[in-house]
There are 2 protein chains.
Amino acid sequence: MTYSEENYLKAIYHLSLSQKQGVNTNAIAAMVESKASSVTDMIKKLAEKELVIYQKYQGVSLTEHGLLAAKMIVRKHRLWEVFLVEKLDFSWDEVHDVAEELEHIKSEKLINKLDAFLGFPTEDPHGDPIPDKNGNIVKVEKQLLSEFEIGQTGICVGVKDSSSSFLQYLDKQQIALGSKIKIIAKESFDMSLTIEVEKKQMIISNKIASNLFAKIVL
Amino acid sequence: MTYSEENYLKAIYHLSLSQKQGVNTNAIAAMVESKASSVTDMIKKLAEKELVIYQKYQGVSLTEHGLLAAKMIVRKHRLWEVFLVEKLDFSWDEVHDVAEELEHIKSEKLINKLDAFLGFPTEDPHGDPIPDKNGNIVKVEKQLLSEFEIGQTGICVGVKDSSSSFLQYLDKQQIALGSKIKIIAKESFDMSLTIEVEKKQMIISNKIASNLFAKIVL
DNA sequence: ATAAATTTTTAGATTTGCCTAAATTTTAAT
DNA sequence: ATTAAAATTTAGGCAAATCTAAAAATTTAT
């Protein structure tokens, strides 16, 4: 598989997680930063290789084979992210672009040895699950902080948006994966939240709360 | 720089180490496994980018800029090889192909952090020198085992041929970097050598001896 | 239900890196 | 010094991945 085919496959995979139907041409184009016409071309190629199912004008979906291939790319991406953060001391907002390149290195042996070297992690530095060598994914029950009730406490376990600006905001506020967060109050006007993290109270906007995953405790 | 440009640059670098004159088109074609006409095309492109100096029919040589770029690719290749052997437990005959891919990952930060993680190694698993971040190379005085005199002792410090068949032969004979080798006798008919390694005597052909580097001791 | 807007596909080009075959230049041999 | 051989370059083409612009299909709105 080419570099480009892998990127399309990965885009289709990510889009299909948040869509029941076939994935739209335009959505793929936006994700891979190309044009709809380029997407149509590539989809045809992927369909010929039986990685996706394609019906003109009806969007695409992954075949079983395509799904596994996509998961293996995601697996590589996330394992490399763990490596960069845990071993090379990158911060969580710096790893994405490098991992985008590393994910295309073709060696099963490499990735399985890397997995072992890292101690078979199940989540990447942003809390996203790492598929195992068979494509199995451990699902953690978690919900957006914006969906928490007043008085509830959660442990931060992931981010929805992993843009560096958001991640740097969290660093600045000293919110990290593992932080214990208690919902103190919710402003009904703008849905901003007053929360308590490590004894300190702060106010976060609804946009922030809608991009932070936590699991309920207590 | 593209993947392909990097491979050509690296080929020119390797070839120019064992040639004073400009590097031949055909030699490059053999090294990158393409055709002479493709080489001519690429050379023109590299010349336009001022990475090489090119005069029709006269071969190419690297500019200062091109030399540094080539060294940085070699640096990445060899650092990744160290990583694969030291951290991921690959054997020295398995690392080349994966490193050929990894060497193209574009991140100075990555490679410098990897360098630090590995403890700033100066040689790769085959004894080849690793350029530092400025392109400086530590030269070790070493000579081919075939050039040793009878009675001399050397420490094996590198291989000239790093094909997996040769490396596997060395593994089988329990010759590794660091092995102490004494020349017991030399057969004038075929230049084969009787050597002593770790108390054991064995005979190696001239071809083997011509691909093993050692530094003289005692 | 039909027209308008949107989405998707097709058609035709472009760029990169490669090829084959032919032409040119250089090198080697007599 | 010519000629033959080898090396190199040029010319013309191909496949992959992309694009723009135009055509076709689908969806939305009135």
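Below, read A as the first sequence line, B as the second, and so on, with proteins coming before strands; counting in each chain starts at 1.
In terms of modelled atom types and a separation under 3.5 Å, the side chain of B:Arg78 and the main chain of B:Pro129 share a donor-acceptor contact. Remark: the backbone N or O of A:Ala36 is not paired with any side-chain donor or acceptor of A:Thr25 at under 3.5 angstrom. Of the possible polar contacts, none joining the A:Lys87 side chain to the A:Val85 backbone as a donor-acceptor pair under 3.5 Å is found. For the pair A:Lys186 (side chain) and A:Ile150 (backbone), a donor-acceptor distance under 3.5 Å is absent. A donor-acceptor pair is defined here as one N or O able to donate and one able to accept, closer than 3.5 Å; such a pair exists between the side chain of A:Asp161 and the backbone of A:Ser163. At least one donor-acceptor pair under 3.5 Å links the side chain of A:Asp190 to the backbone N or O of A:Ser192. For B:Gln19 (side chain) and B:Gly22 (main-chain N/O), a donor-acceptor pair under 3.5 Å exists by modelled atom type. Checked by atom type and distance alone, the side chain of B:Glu101 pairs as donor or acceptor with a backbone atom of A:Lys106 at under 3.5 Å.
Checked options B:Lys71, B:Lys76, B:Lys10; the residue passing with B:Glu103 is B:Lys10 (criterion: salt bridge (Lys or Arg N to Asp or Glu O under 4.0 Å)). Of the listed residues (B:Asn112, B:Ile111, B:Asp115), just one forms a side chain to side chain contact (heavy atoms under 4.5 Å, CB included) with B:Lys133, and that residue is B:Asn112.
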Please write out the pairs of protein N or O atoms and N or O atoms of nucleotides 24-27 of chain C separated by less than 3.5 Å, giving the distance to one decimal.
unit_1	atom_1	unit_2	atom_2	d
C:dT24	O2	B:Tyr57	OH	3.4
C:dT25	O4'	B:Tyr57	OH	3.4

Identify the pairs formed between an N or O of the protein and an N or O of nucleotides 1-6 of chain D at a distance under 3.5 Å, and give each distance.
none

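Here A:Lys44 reaches the OP1 or OP2 of C:dT10: one of its side-chain N or O atoms lies under 4.0 Å away.
Rounded to whole Å, the distance from CD on A:Glu5 to P on D:dT18 is 10 Å. A:Leu46 places its CG atom 13 Å from the P atom of D:dA16, with the value rounded to the nearest Å. Distance, A:Met42 CE to C:dT9 P: 15 Å, rounded to whole Å.
If you check every strand for non-hydrogen atoms under 4.0 Å, A:Tyr3 touches nothing. Backbone-only engagement by B:Tyr8 is indicated by non-hydrogen atom pairs under 4.0 Å involving sugar-phosphate atoms exclusively.
Each of A:Thr2 and B:Gly59 lies near DNA chain D, and the nucleotide nearest B:Gly59 is the one positioned closer to the 5' end.
Looking at residues 24-41 of chain A, you'll see A:Asn24, A:Thr25, A:Asn26, A:Ala36, A:Ser37, A:Thr40 sit with a heavy atom under 4.0 Å from some atom of DNA chain C.
Heavy atoms from other residues, nucleotides or ligands lying under 6.0 Å from CD of B:Glu187 number more than 12.
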